[in-house]
**Q** 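Here it is, the structure in full.
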Amino acid sequence: MIVRPTAGGVEVLAPAKLNLFLEVLGKRPDGYHELESLMVAVDLYDTLSFADDASGRVTLRCDDPSLPTDGRNLVVKAAERLRAESGCPRGAAIELRKSIPAQAGLAGGSSDAAAALVALDRLWELNTPPGRLSELAGEIGSDVPFFLHGPAAVCRGRGERVEELAPPRALHFVLVCPEVGLSTADVYRHVTPPARPRPIGPVVQALAGGGTAALGSCLFNRLQSPAEELAPVLRHVRDGLAELVGPSLDGSLMSGSGSAYFGLARDRGAAEDAARRLETLGLGRVRVVTSGP
Ligand code: C5P
């Protein structure tokens with residue numbers, strides 16, 4: 001997350017995330033799933049601007065008309081949660097410019113919510129302790145706390161228990177966002193926790209080692225098969241990327257609960273080469289992204 005002051009308040013670049021590894025350890029009594037996941041932030045950003053509103057109202061404007069701008073939007077939820085917590089009487093005029101697609105497994109809404117927590121804490125001069133801000137983030141959504149910690153972390157529990165990792169060297173990905181989106185709840189409903197979960201250790205070590213060949217061979221997502229059963233068209237995206245593993249990519253995977261897929265490239269040039277090839281296949285919107293703040 002990149003936070004900068006502006007003349008009228010605060011502007012935040014809220015990054016997307018990719019899951020380089022996601023294992024489901026079991027189903028919990030509260031209906032959620034116990035996870036172990038390795039996440040990295042990438043330089044595909046939503047842009048949010050925050051200005052103080054002395055009237056005390058929180059208002060959100062968004063350039064994507066398909067998204068709600070009331071209490072159903074996680075940005076408004078975050079603002080209201082922070083206000084209730086602090087008793088702050090101030091309001092905010094918030095503008096959200098979307099670049100991260102929804103229902104893609106890239107956690108755009110969660111990142112926007114984390115941006116709102118950080119920006120409003122600053123704008124309203126609340127000085128909320130970091131641990132408390134993380135707890136509030138976890139109440140808003142399982143993926144929200146990661147964005148307070150990035151750019152790389154192991155996430156456990158529902159996803160809200162975040163262990164920060166040393167920032168990796170720049171990793172270059174080609175990202176494919178298909179037309180079809182997936183509901184996170186639907187995908188989790190179709191997953192079967194394995195009898196013997198795959199350990200997260202090897203992928204964490206590979207990330208620390210810095211080589212993309214080792215990292216590429218450790219990529220894994222337990223949600224990918226159920227997502228492909230729910231939306232079989234995604235198998236074309238999987239196969240399109242898999243064909244480039246070897247020539248220009250070191251591995252490929254679906255992110256989170258889908259529907260976006262990514263390929264891990266050796267360098268920027270290889271990612272751009274893969275992007276050119278994938279663009280001809282009509283699988284969805286193709287971008288090159290790099291890990292970053
Ligand atoms: O926490 P969040 O609101 O983002 O989760 C959306 C849905 O995804 C939950 O309602 C739940 O059905 C599912 N989920 C889950 N286990 C997790 C995270 C999410 O089952 N660890």
Side-chain angles (χ1 to χ4, degrees), residues 1 14-41 46 60 66-82 84 96 98 100-118 133-150 153-163 180-194 197-200 203 220-231 234 253-260:
M1 179 188 309
K17 60 84 173 154
L18 298 177
N19 300 77
L20 304 187
F21 179 93
L22 193 162
E23 179 59 295
V24 175
L25 305 179
K27 186 157 185 196
R28 310 173 4 157
D30 65 4
Y32 281 85
H33 292 77
E34 195 70 15
L35 303 182
E36 216 162 34
S37 185
L38 173 59
M39 313 220 284
V40 296
D46 285 345
L60 173 66
S66 71
L67 296 179
T69 51
D70 57 15
R72 288 169 296 167
N73 191 301
L74 292 189
V75 169
V76 175
K77 233 177 228 175
E80 284 171 351
R81 191 70 194 79
L82 191 62
L96 169 58
K98 290 295 293 180
I100 307 172
Q103 295 208 308
L106 302 174
S110 299
S111 188
D112 297 342
L117 288 176
V118 169
L133 214 54
S134 258
E135 282 171 15
L136 295 179
E139 289 167 21
I140 295 160
S142 306
D143 282 341
V144 181
F146 164 74
F147 293 101
L148 301 178
H149 297 277
V154 170
C155 300
R156 298 190 172 85
R158 284 186 292 122
E160 89 289 10
R161 279 177 25 223
V162 181
E163 180 194 333
V180 58
L182 283 171
S183 139
T184 303
D186 269 358
V187 176
Y188 274 106
R189 220 173 286 128
H190 286 82
V191 75
T192 308
R198 207 179 266 233
I200 197 169
V203 73
F220 176 74
N221 185 349
R222 182 66 63 190
L223 300 179
Q224 185 168 324
S225 291
E228 288 167 0
E229 273 158 40
L230 278 168
L234 296 180
L253 195 70
M254 187 186 80
S255 182
S257 55
S259 59

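Order of appearance sets the numbers: ligands from 1, and atoms from 1 within every ligand. The figures here come from the full heavy-atom set of this structure, side chains too, leaving out hydrogens, waters and symmetry mates.
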**Q** Spell out, as yes or no, whether a donor-acceptor pair under 3.5 Å connects the side chain of Asp46 to the backbone of Ile100.
**A** yes
**Q** Could you tell me if the side chain of Glu34 sits less than 4.5 Å from the side chain of Pro193, heavy atoms only?
**A** no
**Q** Tell me every residue that passes side-chain contact (heavy atoms from CB on, under 4.5 Å) with Leu67, counting only those two or more places apart in sequence or in another chain.
**A** Cys62, Asp64, Lys98
**Q** Under 3.5 Å, is there a donor-acceptor pair between the side chain of Ser259 and the main chain of Leu182?
**A** no
**Q** Distance-only, no hydrogens or angles: does the Asn221 side chain make a donor-acceptor pair with backbone N or O of Met254 under 3.5 Å?
**A**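 Side chain of Asn221 to backbone of Met254, a donor-acceptor pair under 3.5 Å: yes, one is there.
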**Q** With hydrogens left out, which residues have an atom under 4.0 Å from ligand 1, given that only heavy atoms count?
**A** Gly31, Tyr32, His33, Leu35, Gly141, Ser142, Arg158, Thr184, Ala185, Tyr188
**Q** What do the steps show when you test His149 against Cys155 for side-chain contact (heavy atoms from CB on, under 4.5 Å), and what is the final call?
**A** CA-CA 10 Å; His149 297 277; Cys155 300; over 6 Å; no
